[in-house]
Amino acid sequence: MTIYINPNVIGIHYFGECSIIEFQDEEYILNPAKSLVMDMVLNNSGIEIEKWSLLDANIEYRDELRQAALFFIESELGQKLFTTTAPLTQSGSILKITGKTQHYYPKKISIELTNKCNLYCSHCYKEANDGNVSSMNKDKIFSFLHKYKGLIPAIHLTGGEPLVAPYLEELIEEFKHYYQIELSSNGTLLHTLKKSTLASTSNISLTLYGLSDEQYKLNTGNAKGFSMLQKSCLLLKEMNKSFKMNVVMNKQVLQRIDSYIECAISLGANVLNIGAPLSVGRLTQSASVDDWMLTETELNKVFRTIQKSQLHYTDQIKILPWERDIYYNASDYREEMQNIYSSPCLACGAGNRTWGLSETFNFTPCIIYKDLYNLNLTSWEEYVEGGLKIDWNEVTTTYRNNCQQHSTCNRMIIFQK
């Protein structure tokens with residue numbers, strides 16, 4: 001019997017001695033032993049099990065390792081990853097392989113192209129438009145992205161408002177064949193992009209700050225913000241381009257949550273993320289902090305509302321609790337997450353599976369708390385190439401304390417080694 005990689009596997013990302021296997025709607029983390037089996041099958045375009053010599057005959061535990069490999073192949077996960085049907089040479093998806101063994105290139109980098117924004121929101125954790133307002137140097141980010149083609153599979157473009165960056169369209173066109181390009185925007189300027197540019201992005205995420213231009217003027221300072229968002233959403237609907245809508249919950253939104261859900265549906269969103277604001281950034285200095293921050297009782301009401309709305313609107317839109325740009329629920333992968341990391345790590349993957357890159361070109365595990373820990377380009381490159389050793393015990397403890405203090409992630413998990 002010969003086994004092959006399941007054609008439903010669309011991506012393999014190598015990280016240290018491990019690998020992350022990606023399907024269309026899910027992914028699996030393989031420890032070093034399982035990654036070795038995957039490599040054997042992949043590099044030989046199929047393996048005949050009966051004649052399989054897993055490792056060199058000189059290896060002391062060759063037979064034990066071979067039996068372990070066969071056990072993995074026959075396991076429930078193995079049944080998903082492998083098949084006994086030979087792949088057709090002219091059909092199926094193209095398998096994208098990124099990363100590198102013994103290196104620590106992340107699966108995704110969130111790139112803050114600018115701290116400029118065309119809105120001014122009182123709850124902005126980024127404090128966009130305050131202080132030294134600037135955009136990332138174009139030559140520097142283009143050079144960086146060219147260097148890491150094939151090593152980092154995805155980039156997440158954010159800000160500030162990324163559409164304010166003067167070279168956004170050029171960047172997307174330049175790198176659309178090398179990266180999965182995700183885009184987070186307030187949505188008011190999205191209609192100014194070319195359709196070809198929008199078509200090259202994935203996982204578009206917009207935010208709803210009100211239900212009318214009057215509310216947008218009050219919440220963001222932009223008197224035409226809602227009309228501009230409507231125009232952008234209409235363009236996405238015409239393109240049949242799916243997108244997510246985010247709603248930041250406060251006391252007023254909580255009272256009108258059904259109206260916000262129905263608005264997101266009418267705008268054409270296929271997913272609505274509902275979440276509470278962070279007690280960081282501009283909100284800590286805002287006179288309206290009491291209007292934004294929810295009590296524990298109100299937070300519980302939010303989650304009950306989400307659960308109720310998920311059932312009521314199930315045929316119209318998918319409603320989820322918004323966990324701050326993570327887009328990954330690690331709580332179901334405790335064992336695998338423990339295997340992939342050689343030291344403690346955050347469940348969201350900050351600093352491992354994901355990194356943030358600020359407009360000043362400093363790398364940080366988390367773009368929300370960038371001041372807690374950051375590296376310059378030289379140090380970051382030394383880390384991902386396996387040279388620089390980071391004290392993840394100290395880093396994860398610092399982040400955990402801040403996340404718990406500010407209720408950033410309601411399912412915060414830290415894996416200890």
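Screening residues 131-142 for salt bridge (Lys or Arg N to Asp or Glu O under 4.0 Å) gives K138-E170 as the qualifying pairs, with residues at least two apart or on separate chains. Screening residues 365-383 for salt bridge (Lys or Arg N to Asp or Glu O under 4.0 Å) gives E112-K370, K147-E381 as the qualifying pairs, with residues at least two apart or on separate chains.
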Would E161 and N118 count as a side chain to side chain donor-acceptor pair (under 3.5 Å) if you check the C-alpha gap in whole Å, the side-chain angles of each, and the deciding distance to 0.1 Å? CA-CA 7 Å; E161 171 51 49; N118 63 320; over 6 Å; no
Candidate pair E174 and H146, rule side-chain contact (heavy atoms from CB on, under 4.5 Å), full reasoning: CA-CA 9 Å; E174 180 85 7; H146 275 297; 3.0 Å; yes
Residue pair Y178, Y148: steps toward the ring pair (Phe, Tyr, Trp, His ring centres under 6.0 Å) verdict: CA-CA 9 Å; Y178 306 107; Y148 289 98; over 10 Å; no
Please evaluate residues L206 and L267 with respect to the criterion side-chain contact (heavy atoms from CB on, under 4.5 Å), reporting the C-alpha separation (whole Å), side-chain torsions for both, the decisive distance (0.1 Å), and the verdict. CA-CA 11 Å; L206 310 180; L267 290 172; over 6 Å; no
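Nearest approach of K107 to I20, heavy atoms of both residues: CD-CD1, 3.8 Å. For the pair A276 and L299, the tightest heavy-atom approach, listed with the atom from each and the gap, is CB-CD2, 3.8 Å. Closest approach of F303 to P321, counting heavy atoms only: CE2-CB, 3.8 Å. Heavy atoms only, all atoms of each residue included: G11 and L95 are closest at N-CD1, 3.6 Å. Pairing each heavy atom of E262 with each of Y313, the nearest pair is OE2-OH, 3.2 Å.
A donor-acceptor pair shorter than 3.5 Å can be found between the side chains of N376 and S379. Looking only at atom types and distance, the side chain of N222 has no donor-acceptor partner in the side chain of T220 under 3.5 Å away. T158 and S184 share no side-chain donor-acceptor pair at under 3.5 Å.
Judged purely by atom type and a 3.5 angstrom limit, N186 has no side-chain atom pairing as donor or acceptor with the backbone of T207. A distance-only check finds no donor-acceptor pair linking the side chain of E17 to the backbone of T101 [under 3.5 Å].
Annotation: salt bridge (Lys or Arg N to Asp or Glu O under 4.0 Å) contacts of E173 (sequence neighbours excluded): K176. With sequence neighbours excluded, the residues satisfying side-chain hydrogen bond (donor to acceptor under 3.5 Å, both in side chains) with D39 are Y14. Looking at residues two or more places apart in sequence or on another chain, you find a side chain to side chain contact (heavy atoms under 4.5 Å, CB included) between L211 and L208, Q215, R256, S259, Y260, C263. Applying the side chain to side chain contact (heavy atoms under 4.5 Å, CB included) rule to K308 yields no partners; only residues at least two apart in sequence or on another chain are considered.
No side-chain heavy atom of N6 sits under 4.5 Å from any side-chain heavy atom of L81. In this structure the side chain of Y167 reaches within 4.5 angstrom of the side chain of L113, judged on heavy atoms.
A tilted orientation is assigned to the rings of F15 and H13, their planes being inclined by 30° to 60°. Between Y216 and F226, the ring-plane angle classifies as tilted under the 30° and 60° cut-offs. Note: H123 and Y209 have tilted aromatic rings, judged against thresholds of 30 and 60 degrees for the angle between ring planes. Using cut-offs of 30° and 60° for the angle between ring planes, the W380 and W355 rings count as perpendicular.
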